[in-house]
Amino acid sequence: MRISIITINYNNIQGLKNTLSSVLEQDYNNIEYIVIDGGSTDGSKELLVAKANELHYWVSERDKGLYNAMNKGITQSTGDYLIFMNSGDVFFNKHVLSAIFVNRKYEADILYGNTVYKYGQKGILRFPQDLAVMQYELPFCHQSCFIKGKLMRNNFYDESYKLIADYAFFYHCWKENRKFQRINKIVAIYDTTGISSDDKRTWQIYEEGCKIQGRKPNKQEYKLKLWKNKFKKIVRDTVPSRLLDILMQRPQDSNRAISIDTIQQI
């Protein structure tokens with residue numbers, strides 16, 4: 001089974017180095033690696049030139065945004081399944097793809113697994129939520145899911161959404177009763193660097209979410225959602241993680257903060 005890995009990068013050479021190393025060290029032998037760079041000026045292009053023989057396709061040119069770049073990568077893909085591993089994101093270890101795909105066949109349109117969210121030198125191990133929450137938000141991390149190549153190549157990301165076109169894609173797959181399958185393995189370490197909590201950005205995400213769900217934005221609902229998120233953060237920061245798991249009936253050690261070095265030894 002061929003796996004297409006697509007990396008999007010723009011002026012993040014250190015993140016790109018980390019991602020390249022992670023992908024190229026995978027011990028699965030049927031990988032198609034595609035890198036779409038947005039015309040970086042920080043040495044990323046030169047790095048890709050040096051690595052050209054190890055890549056199936058790469059380009060460094062200006063694009064029209066993140067999802068335009070992702071669509072470029074999809075166009076070049078030929079894999080049975082594809083996964084996006086953007087600059088800074090890495091696979092959990094070098095055996096991830098082998099553990100999931102060697103001697104295995106899948107019929108599901110979308111496979112999704114567990115994720116470590118990286119915050120500096122700390123990481124939080126997170127498990128996917130129930131798919132029912134797709135009505136409101138994405139229940140798993142994009143970097144920890146594999147999408148059937150044929151499905152993705154026939155349904156590109158809607159570039160009218162600037163921040164959550166990935167959610168729009170998965171939401172419509174869910175509404176169309178596409179087959180989702182959970183894989184109980186840690187797939188990726190997701191780099192949270194650059195994630196902004198800017199009010200303008202969070203409002204835009206909320207607006208786009210309402211449009212995807214066919215609802216009108218409501219400022220009171222938005223403010224309540226912000227308050228709930230702040231309250232949840234306070235609870236997460238004060239209540240022991242294992243007690244939270246019990247109270248919320250989650251798998252043990254979900255949302256547990258541990259060092260990245262410890263995570264790598266799991």
So does T41 get a backbone contact from the side chain of N11, meaning a donor-acceptor N/O pair under 3.5 Å? yes
One should read off an interatomic distance between L125 CG and N114 CG, to the nearest 0.5 angstrom, of 6.5 Å
Any donor-acceptor N/O pair, N154 side chain to K150 backbone, under 3.5 Å: yes
After noting the C-alpha distance and the side-chain angles of I74 and F156, does the key distance pass the side chain to side chain contact (heavy atoms under 4.5 Å, CB included) rule? CA-CA 8 Å; I74 294 166; F156 288 91; 3.4 Å; yes
Check whether any side-chain N or O of T75 sits under 3.5 Å from a backbone N or O of N71 as a donor-acceptor pair, and report yes or no. yes
Any side-chain heavy-atom pair of I3 and N30 under 4.5 Å: no
L55 vs I34 side-chain heavy atoms within contact, under 4.5 Å: no
Say whether L151 and Y167 are linked into one hydrophobic cluster, either directly or through other cluster members, by side-chain heavy-atom distances under 4.5 angstrom. yes
Are E207 and R215 close enough, and set up right, to give a salt bridge (charged side-chain N to carboxylate O under 4.0 Å, His left out), and what steps lead you there? CA-CA 9 Å; E207 273 193 312; R215 303 187 298 115; over 6 Å; no
Cation over ring, K211 on Y161, under 6.0 Å and within 45°? yes
Please check if I110 and I100 belong to a single hydrophobic cluster, counting links between Ile, Leu, Val, Met, Phe, Trp and Tyr side chain heavy atoms closer than 4.5 Å. no
Quick one: do T115 and S144 satisfy side chain to side chain donor-acceptor pair (under 3.5 Å)? Show the steps, please. CA-CA 6 Å; T115 311; S144 287; 2.8 Å; yes
Taking the side chain as C-beta and beyond, is there a heavy-atom pair between I6 and M70 under 4.5 Å? no
Side-chain donor or acceptor of Y222 paired with backbone N/O of W203 under 3.5 Å: yes
Beyond-backbone contact of K185 with F92, side-chain heavy atoms, under 4.5 angstrom: no
Measuring from atom OG of S22 to atom CD1 of I5, what distance do you get when rounded to the nearest 0.5 angstrom? 8.0 Å
Hey, would you say the Y67 and Y157 ring centroids sit under 6.0 Å apart? yes
Kindly determine whether L111 and C145 satisfy side chain to side chain contact (heavy atoms under 4.5 Å, CB included), including the steps that lead there. CA-CA 5 Å; L111 310 170; C145 75; over 6 Å; no
For Y106, does its backbone N or O pair with a side-chain atom of Q181 as donor and acceptor, under 3.5 Å? no
Just verifying a value: how many Å separate R2 CZ and I31 CD1, rounded to the nearest 0.5 Å? 10.5 Å
Is there a chain of hydrophobic side chains (I, L, V, M, F, W, Y, each step under 4.5 Å between heavy atoms) that links F84 to Y171? yes
Is it the case that the ring center of F101 lies less than 6.0 angstrom away from the ring center of F146? yes
Side-chain donor/acceptor of S4 to backbone N/O of L82, under 3.5 Å: no
Just how far is it from atom SG of C141 to atom CG of D166, taken to the nearest 0.5 Å? 9.5 Å
Which heavy atom in A99 sits nearest to a heavy atom in R104, and how many Å separate them? O-NE, 3.5 Å
Rounded to the nearest 0.5 Å, what separates atom CE in M134 from atom CD in Q129? 10.5 Å
Sub-3.5 Å donor-acceptor pair from the side chain of N93 to the main-chain atoms of V96, do we have one? yes
Assert yes or no for the condition that the ring centre distance of H142 to Y190 is strictly below 6.0 Å. no
Among D191, I13, V90, exactly one meets side-chain contact (heavy atoms from CB on, under 4.5 Å) together with N18. Which residue is that? V90
Considering only heavy atoms from C-beta outward, does the side chain of S77 approach that of R153 to under 4.5 Å? yes
Charged N to carboxylate O under 4.0 angstrom, K45 versus E61? no
Salt bridge flag under 4.0 Å for residues K162 and E208: no
D37 vs L48 side-chain heavy atoms within contact, under 4.5 Å: yes
Any side-chain heavy-atom pair from F127 and I186 closer than 4.5 angstrom? no
When hydrophobic residues are tied together by side-chain contacts of less than 4.5 Å, even through go-betweens, does Y57 share a cluster with L47? no
Do you know which two heavy atoms are closest between M85 and Q143, and how far apart they sit? CE-O, 3.6 Å
For the hydrophobic clusters of this structure (ILVMFWY residues joined by side-chain heavy atoms under 4.5 Å, transitively), does one cluster hold both F170 and I212? yes
Distance-minimising heavy-atom pair for P128 and G113: CG-O, 3.3 Å
So do the side chains of Q26 and F91 get within less than 4.5 Å of each other, counting heavy atoms only? yes
Under 3.5 Å: donor-acceptor pair, side chain of Y206, backbone of N218: yes
Do R182's NZ or CZ and the ring of Y112 fall within the cation-pi criteria of under 6.0 Å and 45°? no
Give me the atom names and distance for the closest heavy-atom approach of I164 to G209. CD1-N, 3.5 Å
Ignoring hydrogens and angles, tell me if any N or O in the side chain of T19 forms a donor-acceptor pair with the backbone of G88 under 3.5 Å. yes
Using only heavy-atom distances, determine whether the side chains of E32 and Q76 contain a donor-acceptor pair under 3.5 Å. no
Which pair of heavy atoms, one from N9 and one from S40, lies closest together, and at what distance? ND2-OG, 3.5 Å
Could you go through the side chain to side chain contact (heavy atoms under 4.5 Å, CB included) check for M1 and Y81 one step at a time? CA-CA 8 Å; M1 190 171 289; Y81 281 94; 3.6 Å; yes
Gap between atom CD of E159 and atom CG of N68 - 0.5 Å precision: 4.0 Å
Could you check F140 against L131 for side chain to side chain contact (heavy atoms under 4.5 Å, CB included), going step by step and ending with a plain yes or no? CA-CA 9 Å; F140 47 75; L131 285 178; 4.1 Å; yes
Would you say CD of E107 has more than 12 non-hydrogen atoms from neighbouring residues, nucleotides or ligands within 6.0 angstrom? no
Can you tell me if N86 uses its side chain to pair, donor with acceptor, with the backbone of T7 under 3.5 Å? no
